[in-house]
Amino acid sequence: MWDWCLLSVRVQFAKGEWCMKSDRLLCFALAAVYTRVSRAWPAVLFASFQVRYSIHFWCKLVQAMGKYQVKVGIIGGSGLNDPDILEGRLERKVSTPFGEPSDCLIEGRISGIDCVLLARHGRKHDVMPSKVNYRANIWALKMVGCTHIIASTATGSLQEDIEPGDLVLLDSFIDRTKSREATFFDNSCNELQGVCHVPMDPAFCPETRQLFLEAANKLGLKLRPTGTCVTIEGPRFSSKAESLLYKSWGVHLVNMTMVPEVCLAREAGLCYAAVAMATDYDCWRDKENGVCVAEVLATFKQNVVKVTKLFKEVVPMIGAHEWDNTIDDLKSLVSSGFMSAPSKETH
Ligand SMILES: CSC[C@H]1O[C@H](OP(=O)(O)O)[C@H](O)[C@@H]1O
Ligand SMILES: Nc1ncnc2[nH]cnc12
């Protein structure tokens, strides 16, 4: 039994995750006492203890064998910026060649997987959609080593069967923004020279999306597997004619932030997936008044637990997955978009 205890301690040290948390210490102490008294109980205790840590262990092992160390950036949209989602939090202020991101990065872990949380509109929600520095946000996450970004967004539903509170895993977008920096390759940064026409199909990372679907399935959570979102410039909501126009295009949802975030994540070679929550029916329906901020925030608040559960479930799945080919393919996709070879290795 002591061998088992020692092995466990060694694993904790090897992972660099040893910390004097009371639950872990108690677990070890009880096991040590029981070892003297009985031979059965320690096994039971350690079985439960090990289930949690063996998941971490295998995740780390899979990552250690791969080329890329997985780190998941979480961009919290309206209504999602609760840092409690992360264990062992540490705030880090960063600045990028493109300016300041919306707020500090909050680094921490979910189930042992390194994560970085960023509030898209700042933690006080004082940055409006058109003024979000999307380039700085994505670059900051890339700079601190993120391989993935999972994002949330509050959206208006353009379809009767997508009800307020429903979650949709986006698979495409339509860009109706007007005044946003939508590429890193505009020669404003010395490191990133060249003209890049990056392919945007598929728009969202298929492998990460697949893991989201499996995570939702495991949780028994309703997640619509596909959906197209039209991103408008904002900050105003749509007129009825605009709303009806988007609806007539067969679009499912409307928001103000998905573009250029998803495009910049692609240029940065990051695996990006977004979960949209329908918070309202915009203003196309005759049945009720149009959307307002209070409605958006209230609906998001009522349902936010679904998004956090889903994110907490999917992160260890991302950590356990093998990403070498996916990330290499993304890099090639970006390289294929250059009109001439970039002057420096940027990805
Ligand atoms: C608060 S109403 C409009 C606002 O909500 C959405 O934000 P996010 O995408 O960051 O969740 C929408 O895109 C608008 O920015
Ligand atoms: N109806 C709507 N239009 C644009 N952005 C939104 N975010 C939430 N609801 C929205």
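In each ligand, atom 1 is the first atom listed, and ligand 1 is the first ligand listed.
I75 and L170 fall within the same hydrophobic cluster, where Ile, Leu, Val, Met, Phe, Trp and Tyr residues are linked whenever their side-chain heavy atoms come under 4.5 Å apart, directly or through other members.
No part of M258 comes within 4.0 Å of ligand 1, judged by heavy-atom distances. By the criterion of a heavy-atom distance under 4.0 Å, the side chain of R120, and not its backbone, is placed next to ligand 1.
Taking the six-membered ring where tryptophan is involved, the planes of Y246 and W249 are tilted, since the angle between them lies from 30° to 60°.
For atom 13 (O) of ligand 1, the nearest non-hydrogen atom of the protein is M256 N, 2.7 Å. Ranking the protein heavy atoms by distance from atom 10 (O) of ligand 1 puts H121 NE2, 2.5 Å first.
The option from G77, A294, P235, S78 that lies nearest to atom 1 (C) of ligand 1, judged by heavy atoms, is S78.
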So Y68 and D328, side chain to side chain donor-acceptor pair (under 3.5 Å) or not? Walk me through it.
CA-CA 10 Å; Y68 303 103; D328 285 341; 2.5 Å; yes
One pair to check against side-chain contact (heavy atoms from CB on, under 4.5 Å): Y272 and C205. What are the steps and the verdict?
CA-CA 5 Å; Y272 180 97; C205 172; 5.6 Å; no
Evaluate the criterion side-chain contact (heavy atoms from CB on, under 4.5 Å) for residue pair E87 and I110; output intermediate values, then yes/no.
CA-CA 6 Å; E87 304 147 9; I110 294 179; 5.6 Å; no
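Between the side chain of S238 and the backbone N or O of S243 there is no donor-acceptor pair closer than 3.5 Å. The backbone N or O of V127 sits less than 3.5 Å from a side-chain atom of H121, completing a donor-acceptor pair.
Using a cut-off of 4.0 Å between Lys/Arg side-chain N and Asp/Glu carboxylate O, D286 and K240 are scored as salt-bridged.
Residue P129 approaches ligand 1 through these ligand atoms, each under 4.0 Å from one of its heavy atoms: 15 (O). Applying the 4.0 Å criterion to heavy atoms of T153 picks out, from ligand 1, the atoms 8 (P), 9 (O), 11 (O).
The two atoms that bring L141 and G73 nearest to each other are CD2-CA, 4.4 Å, heavy atoms only.
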Would you tabulate the side-chain donor-acceptor contacts of residues 224-234 under 3.5 Å, counting partners in other chains and residues two or more places apart, or write 'none'?
from: R224; atom 1: NE; to: T226; atom 2: O; distance (Å): 3.4
from: R224; atom 1: NH1; to: D161; atom 2: OD2; distance (Å): 3.4
from: T231; atom 1: OG1; to: N255; atom 2: OD1; distance (Å): 2.9
from: T231; atom 1: OG1; to: V259; atom 2: N; distance (Å): 3.4
from: E233; atom 1: OE1; to: K178; atom 2: N; distance (Å): 2.6
from: E233; atom 1: OE1; to: S179; atom 2: N; distance (Å): 3.1
from: E233; atom 1: OE1; to: R180; atom 2: NE; distance (Å): 3.4
from: E233; atom 1: OE2; to: S130; atom 2: OG; distance (Å): 2.6
from: E233; atom 1: OE2; to: S179; atom 2: OG; distance (Å): 3.4
from: E233; atom 1: OE2; to: R180; atom 2: NE; distance (Å): 3.3

Just list the N/O pairs, ligand 2 to protein, that are under 3.5 Å apart, with the distance for each.
from: ligand 2; atom 1: 1 (N); to: D280; atom 2: OD1; distance (Å): 2.9
from: ligand 2; atom 1: 1 (N); to: D282; atom 2: OD1; distance (Å): 2.7
from: ligand 2; atom 1: 7 (N); to: A154; atom 2: O; distance (Å): 3.0
from: ligand 2; atom 1: 9 (N); to: G156; atom 2: N; distance (Å): 3.3
from: ligand 2; atom 1: 9 (N); to: D280; atom 2: OD2; distance (Å): 2.7

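The shortest N or O to N or O distance between A154 and ligand 1 is under 3.5 Å.
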